[in-house]
Peer 1: 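Shown below is the structure under consideration.
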There are 2 protein chains.
Amino acid sequence: MSIKNAPEQAVNPLALENQVCFSLYSATNAMIRAYRPLLDELSLTYPQYLVMMVLWKEPGISVKTLGEKLHLDSGTLTPLLKRLEAKELVSRGRSELDERVRVLHVTEAGRELHQQALTVPEQMRCKVGGTLEDLAQLKQLCDQAFAMLNSGEATSCEM
Amino acid sequence: MSIKNAPEQAVNPLALENQVCFSLYSATNAMIRAYRPLLDELSLTYPQYLVMMVLWKEPGISVKTLGEKLHLDSGTLTPLLKRLEAKELVSRGRSELDERVRVLHVTEAGRELHQQALTVPEQMRCKVGGTLEDLAQLKQLCDQAFAMLNSGEATSCEM
DNA sequence: AGTTAATACATTGCGCGCAATTAATGTGTG
DNA sequence: CACACATTAATTGCGCGCAATGTATTAACT
């Protein structure tokens, strides 16, 4: 995706420096890299950390609901949850009302991790820098882009 | 990474809705998903598309330089380039001056892809929506975050 | 010249993301 | 009840990202 920042002359749309998406992509990779040393302390990957965040707040949730919150599917979550189960941080039970659904819970060890995790957000805030306004705006623009990309809608384009 | 958007009350830093990084992560995943149908036409993945963008502009480049531009290493690029070579879009020669360095070129078929690729940026712009100002700002904030995350610098934190 | 160090790339291994398919359970309808 | 259909997860396969390690080539130094 390109933006025109030199409207007076023809801009190559297929140039890296004009690609918003490449900036997004690179920033996300850098962000996940920056999380790694912090999350190594908890023996978690970034996606696993996201899952734990949900489970800390909403124990007993299903894989489906977890997937809706994280925008991930069972192809990603099932093996990830098995790894968390192998680390004994999460239990993967089954609902009694509906044998199809997994009921996810944090174990005692998983609950203890929450204490250690409390310092992570502030440490990351230091790493990314920027003002709170910058961060709020970045979040808002990402959420807006996400919403558009997920609803097949198209703006004033040719249709 | 969390932001405080309700300063009057205690905000859980480990809540998904307060995580800038989760928004970034989800937006990037959505963006790559949105590229997929467009790039399927060119039989390219998004990272392969990025590589082609660089090679269209700078034929004869090395793996190292390519990696610096895309912020990727040989562990990612070597197999990716082999796949592009298998599709006969790219050739992986060797420098005559230094037998270690790979000299990357686009094949004739690869050059032809450039024509097809020209419509991709505008199609993506339609999908993400938002004003040009929004997009420019999103790019700027991502670039800023990337720069901070890649230079071990820390802002006014405890150190 | 000979040893050491640095450089460029390749390889291995692991954990995602996700499309596509399958399996098991549940629901609804005649 | 029988059958079609939907729903929930699991499975398979592939392509990244990246850490860690290996290998071949070049550079540097004495």
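Residue numbers start from 1 in every chain, and the chains themselves are labelled A, B, ... in the order their sequence lines are given, proteins ahead of strands. Both backbone and side-chain heavy atoms feed into the values below; hydrogens, waters and symmetry mates do not.
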Peer 1: Treating A:K69 as the side-chain partner and B:L16 as the backbone partner, does any N or O pair qualify as donor plus acceptor under 3.5 Å?
Peer 2: no
Peer 1: What is the distance, rounded to the nearest whole Å, between atom CG of A:L70 and atom P of C:dG15?
Peer 2: 18 Å
Peer 1: If you check the A:T45 side chain, which of D:dG15, C:dC16, C:dA8 turns out closest?
Peer 2: C:dC16
Peer 1: Considering only side-chain heavy atoms of A:Q48, which listed nucleotide, C:dG15, D:dT11, C:dC9, is closest?
Peer 2: C:dG15
Peer 1: Is it true that B:E85 and B:K82 have a side-chain N and a carboxylate O under 4.0 angstrom from each other?
Peer 2: no
Peer 1: Base, sugar-phosphate, or nothing: which does A:L77 touch, judged by heavy atoms less than 4.0 Å apart?
Peer 2: nothing
Peer 1: Can you check whether B:K64 has a side-chain N or O nearer than 4.0 Å to OP1 or OP2 of C:dA6?
Peer 2: no
Peer 1: Phosphate oxygens OP1/OP2 of D:dT25: is one of them under 4.0 Å from a side-chain N or O of B:R94?
Peer 2: no
Peer 1: Under the ring pair (Phe, Tyr, Trp, His ring centres under 6.0 Å) criterion, do A:Y25 and B:H71 qualify, and how do the steps go?
Peer 2: CA-CA 10 Å; A:Y25 164 84; B:H71 317 303; 9.0 Å; no
Peer 1: Which pairs with one or both residues in residues 42-54 of chain B pass salt bridge (charged side-chain N to carboxylate O under 4.0 Å, His left out), sequence neighbours excluded?
Peer 2: none
Peer 1: After noting the C-alpha distance and the side-chain angles of A:E58 and A:L66, does the key distance pass the side-chain contact (heavy atoms from CB on, under 4.5 Å) rule?
Peer 2: CA-CA 9 Å; A:E58 307 188 41; A:L66 178 62; over 6 Å; no
Peer 1: Would you say a side-chain N or O of A:R83 is under 4.0 Å from OP1 or OP2 of C:dC14?
Peer 2: no
Peer 1: Summarise how protein sits on nucleotides 17-27 of chain C as a single string, 5' to 3': B when a protein heavy atom is under 4.0 Å from the base, S for sugar-phosphate-only contact, - for no contact.
Peer 2: BBB----BBS-
Peer 1: Rounded to the Å, how far apart are B:M52 CE and D:dG15 P?
Peer 2: 16 Å
Peer 1: Taking the six-membered ring for Trp, are B:Y49 and B:Y35 parallel (under 30°), tilted (30 to 60°) or perpendicular (over 60°)?
Peer 2: tilted
